[in-house]
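Worksheet: one structure, shown below.
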Amino acid sequence: DTGVSQDPRHKITKRGQNVTFRCDPISEHNRLYWYRQTLGQGPEFLTYFQNEAQLEKSRLLSDRFSAERPKGSFSTLEIQRTEQGDSAMYLCASNEQGNYGYTFGSGTRLTVV
Amino acid sequence: KQEVTQIPAALSVPEGENLVLNCSFTDSAIYNLQWFRQDPGKGLTSLLLIQSSQREQTSGRLNASLDKSSGRSTLYIAASQPGDSATYLCAVRGSGGSNYKLTFGKGTLLTVNP
């Protein structure tokens, strides 16, 4: 297993378009997270899955955002009707239940023009 | 609400110097603390994980300490190299209700000059 994979690495989209990102966690990790990072800031929590169940969504996640993790494997994060304020790095991470550290992916850089 | 502060925001040192990065957090009820490295435009690479019961962790030229009661952690980098140039992020995992979330500082941008 080569770690947490995210696709695409970069996405440029026009305002109003929909975008979808994919994350493949480390296979034995049952917990998966999405974070968002804007320039000069630390990552901020967006949402969390344990297996296929989405257990928490941050208030940062407006109704335009939706995340899924079918069958508890890969996850997708969709943003509908993108706005310029959505421009950020979207980071996915995974870990096992317990006092384990996080493993992050390389992120998806979204630019909304 | 947990808040994490990293000082300094930026640091520039000559190659070979030993340096210390600081991280403080407001709520001492934590499970663990993790230091990450982030290169420009890239994801996060984990450097060291310290459990709440531990005082320090070492990996190569890196040493991280944790003083949970005072809400502080330091990352010590020995004999710095230009390849160490990156942003270093500190993140704490709380032990309260949402005990799976990480709260990050804004990071310290380190530049090591040859």
Side-chain angles (χ1 to χ4, degrees), chain A residues 2-11 21 23 25-26 29-51 53-60 87-111, chain B residues 1-10 21 23-25 29-54 57 59 64 66 68 73 86-109:
Chain A
T2 57
V4 178
S5 300
Q6 292 189 246
D7 184 70
R9 294 293 302 275
H10 304 276
K11 179 71 176 179
F21 311 140
C23 171
I26 293 173
H29 288 180
N30 62 344
R31 291 184 167 188
L32 184 147
Y33 312 83
W34 286 96
Y35 282 74
R36 181 170 69 185
Q37 185 180 27
T38 54
L39 203 60
Q41 303 296 313
E44 294 177 290
F45 172 82
L46 290 179
T47 191
Y48 153 61
F49 290 85
Q50 182 158 313
N51 300 313
Q54 186 175 20
L55 298 184
E56 184 174 345
K57 289 175 60 173
S58 163
R59 282 174 291 180
L60 292 175
S87 296
M89 173 77 87
Y90 290 84
L91 294 161
C92 178
S94 69
N95 65 1
E96 296 177 74
Q97 194 163 348
N99 277 357
Y100 298 102
Y102 276 49
T103 301
F104 278 84
S106 298
T108 293
R109 167 73 65 188
L110 173 66
T111 303
Chain B
K1 179 188 172 189
Q2 179 75 271
E3 292 183 0
V4 179
T5 303
Q6 291 189 245
I7 294 173
L21 308 181
C23 171
S24 61
F25 46 95
I30 66 170
Y31 266 138
N32 55 46
L33 183 147
Q34 201 165 355
W35 282 94
F36 294 92
R37 169 188 172 134
Q38 187 173 34
D39 294 297
K42 306 292 187 183
L44 277 60
T45 300
S46 180
L47 298 174
L48 289 163
L49 171 69
I50 310 179
Q51 301 295 346
S52 60
S53 58
Q54 297 176 322
Q57 283 286 334
S59 175
L66 174 63
K68 195 177 76 163
S73 176
T87 296
Y88 290 80
L89 292 159
C90 166
V92 298
R93 182 178 163 191
S95 61
S98 297
N99 59 11
Y100 40 80
K101 279 193 273 193
L102 292 181
T103 302
F104 283 85
K106 293 184 179 181
T108 294
L109 175 61

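Order of the sequence lines fixes the chain letters, A, B, ..., with proteins taken first and strands second; residue numbering starts at 1 for each chain. Quick caveat, the model's predicted, so the values are computed rather than measured.
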Audit row: Tyr33(A), Leu102(B), side chain to side chain contact (heavy atoms under 4.5 Å, CB included) steps and yes/no: CA-CA 10 Å; Tyr33(A) 312 83; Leu102(B) 292 181; over 6 Å; no
Options Asn32(B), Val4(B), Thr45(B), Leu33(B), ranked by heavy-atom pairs under 4.5 Å with chain A, top entry: Asn32(B)
Residues forming a side chain to side chain donor-acceptor pair (under 3.5 Å) with Thr47(A), sequence neighbours excluded: Gln54(A)
Distance, nearest 0.5 Å, that separates NZ of Lys106(B) from CD of Gln37(A): 12.0 Å
Neighbourhood of chain B inside residues 100-107 of chain A, taking heavy atoms under 4.5 Å as contact: Tyr100(A), Gly101(A), Tyr102(A), Phe104(A), Gly105(A), Ser106(A)
Chain A neighbours within residues 86-93 of chain B, where any heavy atom lies under 4.5 Å away: Leu89(B), Arg93(B)
Set of ring pair (Phe, Tyr, Trp, His ring centres under 6.0 Å) partners for Tyr100(B), sequence neighbours left out: Tyr48(A)
Any side-chain heavy-atom pair of Arg9(A) and Lys42(B) under 4.5 Å: yes
Proximity breakdown for Leu109(B) and chain A, heavy-atom pairs closer than 4.5 Å: neither
From Phe36(B) atom CZ to Leu91(A) atom CG, the distance as rounded to the nearest 0.5 Å: 10.0 Å
Most chain B-contacting option - heavy-atom pairs closer than 4.5 Å, from Cys92(A), Gly40(A), Gly42(A): Gly42(A)
Engaged part of Gln38(B) at the chain A interface, taking heavy atoms whose separation is under 4.5 Å: side chain
